[in-house]
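What follows is a single structure, written as structure tokens, with notes after it.
Here, residue 1 is the first one in the sequence, and each next residue gets the next number. A quick note: this is a predicted structure, and the numbers were derived from the prediction, not measured. Numbering of ligands and ligand atoms starts at 1, following listing order.
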Amino acid sequence: MPHILVLGGTLEASALARALADAGRNATLSYMGRVDKPKAQPIPVRVGGFGGVPGLVAYLRGQGISHIVDATHPFAAQMSTNAVLAAAETGVPLIALTRPAWQPGPGDDWHQVPDMAAAVAALDGPPRRVMLAIGRMHLAEFAARPQHHYLLRLVDDPTEVPPLPHHAVVVDRGPFSADADRALMREHAIDLVVSKNAGGTGAVSKLDAARALGLPVLMIERPRLPPRMEATEIAQVLAWLGA
Ligand code: 3Y8
Ligand code: NAP
């Protein structure tokens, strides 16, 4: 009986889990356990790191995994790299379910930077009111730019005070709405939005809101990933699983 491992944490992973449950497939969704209450899923869930490539190899063999679908976030580069390496070591076939990068369109005012460090470097100017919508893990890097007022959007209540002298926190999880994001940006008099190029629909609302308000966006490009088979539609993944 095939056993599919879905590396989760995205809207697309949850939609795939729903499709696999509806099809009666034997599948497990995996979360790292980064947030307090990860979304409930219609298939069995495992939570926690695997223990690097060796741990993932042991898991694949121990659970008799027949297919890996890497449906993690484009910025989850370590997980995606480990999955490619473990798939190669075990011979378990892997496909990534990813989403195309967002592209600037009419009315967008983007300043694109290659990575988080470049985003911090780009904030070397006079004080601004910055919506830092990049989650929790990289906040400390922005302590190098204490002159700005930051609006932080976090999934969980912060366990420690963010290392930014001027900040406000909003606790919310996506997917978000452009109208709510516009109201949030106006309420906090935001004049710059910092975003990862996540792609997909769950975080795009802040870009729509910035465009509507004529605000500039500092857009952080995705990390490079090792070559692997990729799909952008669930139907492609289901066809690959069926093959
Ligand atoms: C733990 C599991 C679903 C999945 C929903 C998507 C959409 C909503 C938008 C902003 C951007 C951000 C962040 C974001 C979004 C979806 C998706 C997505 C961005 C959950 C979830 C887990 C995480 C981890 C979390 C990170 C953080 C990033 C918040 C669940 C809710 C900023 C990415 O506190 C922390 O440690 C948070 C860590 C990794 C990035 C960071 O550096 O802090 N996601 N997010 C997963 C695990 O344990 O394995 O659904 O409960 C999932 C979702 N968050 O099925 O509905 O698909 O992208 N997630 C970014 O895009 O920049 C928010 O605020 O505008
Ligand atoms: P990462 O930096 O690529 O991975 C770091 C380590 O976390 C991995 O080596 C692995 O630990 C563990 N890990 C990551 N994802 C896992 C998963 N789905 N199941 C089990 N272990 C996992 O990962 P990340 O960027 O922190 O992302 C963590 C989770 O948040 C993922 O589910 C991702 O899809 C989700 N997410 C991330 C972002 C983002 O901006 N990075 C945005 C939205 C959602 P071991 O080495 O011990 O196996």
Quiz item: Near Thr72, which atoms of ligand 2 are under 4.0 Å from a heavy atom of that residue?
Solution: 34 (O)
Self-check item: Residue Ala77 vicinity, atoms of ligand 2 by number, heavy atom under 4.0 Å
Solution: 3 (O)
What protein heavy atom sits nearest [atom], and how far off is it?
{"atom": "atom 48 (O) of ligand 2", "result": "Phe50 N, 2.7 Å"}
{"atom": "atom 5 (C) of ligand 2", "result": "Gln78 CB, 4.0 Å"}
{"atom": "atom 30 (C) of ligand 1", "result": "Arg173 NH1, 3.4 Å"}
{"atom": "atom 23 (O) of ligand 2", "result": "Ala76 CB, 3.7 Å"}
{"atom": "atom 2 (C) of ligand 1", "result": "Tyr31 CE2, 3.8 Å"}
{"atom": "atom 63 (C) of ligand 1", "result": "Phe176 CE1, 4.0 Å"}
{"atom": "atom 10 (C) of ligand 2", "result": "Met79 SD, 3.9 Å"}
{"atom": "atom 62 (O) of ligand 1", "result": "Lys196 CD, 3.4 Å"}
{"atom": "atom 47 (O) of ligand 2", "result": "Gly51 N, 2.9 Å"}
{"atom": "atom 44 (C) of ligand 2", "result": "Gly9 O, 3.0 Å"}
{"atom": "atom 40 (O) of ligand 2", "result": "Lys196 NZ, 2.6 Å"}
{"atom": "atom 26 (C) of ligand 1", "result": "Arg34 CD, 4.3 Å"}

When you measure from [atom] to the protein, is at least one non-hydrogen atom found at a distance under 4.0 Å?
{"atom": "atom 28 (C) of ligand 1", "result": "no"}
{"atom": "atom 40 (C) of ligand 1", "result": "yes"}
{"atom": "atom 14 (C) of ligand 1", "result": "no"}
{"atom": "atom 45 (N) of ligand 1", "result": "no"}
{"atom": "atom 26 (O) of ligand 2", "result": "yes"}
{"atom": "atom 54 (N) of ligand 1", "result": "no"}
{"atom": "atom 57 (O) of ligand 1", "result": "yes"}

Using heavy-atom distances, let me know which of [options] sits nearest [atom].
{"atom": "atom 6 (C) of ligand 1", "options": "His73, Arg136, Glu12, Arg99", "result": "Arg99"}
{"atom": "atom 9 (C) of ligand 1", "options": "Ala15, Ser205, Gly135, Ala203", "result": "Ala203"}
{"atom": "atom 32 (O) of ligand 2", "options": "Ala71, Gly8, Gly52", "result": "Gly8"}
{"atom": "atom 21 (C) of ligand 1", "options": "Val194, Val35, Asp181, Ile220", "result": "Val35"}
{"atom": "atom 17 (C) of ligand 1", "options": "Gly9, Gly174, Gly202", "result": "Gly9"}
{"atom": "atom 38 (C) of ligand 2", "options": "His73, Met32, Met137", "result": "His73"}

Quiz item: Are a donor atom and an acceptor atom from the side chains of Ser177 and Ser205 found within less than 3.5 Å of each other?
Solution: no
Quiz item: In terms of side-chain heavy atoms, does Thr28 have a donor or acceptor partner in Gln63 at a distance below 3.5 Å?
Solution: no
What atoms of ligand 1 come within less than 4.0 Å of a heavy atom belonging to [X]?
{"X": "Arg153", "answer": "10 (C), 64 (O), 65 (O)"}
{"X": "Gly33", "answer": "47 (C), 48 (O), 49 (O)"}
{"X": "Ser14", "answer": "3 (C), 55 (O)"}
{"X": "Ile134", "answer": "32 (C), 40 (C), 41 (C), 42 (O), 43 (O)"}
{"X": "Lys206", "answer": "10 (C), 11 (C), 65 (O)"}
{"X": "Ala198", "answer": "61 (O)"}

Quiz item: Cluster partners of Leu152, using ILVMFWY side-chain heavy atoms under 4.5 angstrom, listed by chain and number?
Solution: Phe75, Val113, Met116, Val120, Leu123, Val130, Leu132, Ile134, Leu139, Phe142, Tyr150, Leu154, Leu164, Val169, Val171, Leu192, Val194, Leu218, Ile220
Quiz prompt | Lys/Arg cation over aromatic Phe50: Arg46, 6.0 Å, 45° cone | solution = yes
Quiz item: Which heavy atom of Gln112 sits nearest a heavy atom of Glu221, and at what distance?
Solution: OE1-OE2, 2.8 Å
Quiz item: So, for Trp110 and Gln103, which heavy atoms are closest and what is the spacing to 0.1 Å?
Solution: CH2-C, 3.6 Å
Quiz item: Based purely on interatomic distance, does Ser30 place a nitrogen or oxygen under 3.5 Å from a nitrogen or oxygen of ligand 2?
Solution: yes
Quiz item: Taking side chain as C-beta onward, heavy atoms only, is Arg186 less than 4.5 Å from Leu213?
Solution: yes
Quiz item: Below 4.5 Å, heavy atoms only, C-beta onward: do His3 and His67 meet side chain to side chain?
Solution: no
Exercise. Tell me, please: is Gly200 in heavy-atom contact with ligand 1, that is, under 4.0 Å?
Key: no
Exercise. Examine ligand 1 and decide if any of its atoms is less than 4.0 Å from a heavy atom belonging to Val155.
Key: yes
Quiz item: In Å and rounded to the nearest 0.5 Å, what is the CG to CG distance from Leu20 to Leu29?
Solution: 9.5 Å
Quiz item: salt bridge (charged side-chain N to carboxylate O under 4.0 Å, His left out) between Asp108 and Arg211: does it pass, once the steps are laid out?
Solution: CA-CA 6 Å; Asp108 284 330; Arg211 187 183 311 115; 2.6 Å; yes
Exercise. Determine, using heavy atoms of Gly48 and all atoms of ligand 2, whether some pair is separated by less than 4.0 Å.
Key: yes
Quiz item: Which bit of Phe75 gets closer than 4.0 Å to ligand 1, counting heavy atoms only: side chain, backbone, both or neither?
Solution: neither
Quiz item: Is Asp208 reaching over with its side chain to a backbone N or O of Ala178, donor-acceptor style, under 3.5 angstrom?
Solution: no
Quiz item: Judged by atom type as modelled, is there a donor-acceptor pair below 3.5 Å linking the side chain of Arg99 to the main-chain atoms of Thr232?
Solution: no
Quiz item: Does Asn82 approach ligand 2 within less than 4.0 angstrom via side chain, backbone, both or neither, non-hydrogen atoms only?
Solution: side chain
Quiz item: Under 3.5 Å, N or O to N or O, is Met32 touching ligand 1 that way?
Solution: yes
Quiz item: Would you call Lys206-Asp181 a salt bridge at under 4.0 Å N-O?
Solution: no
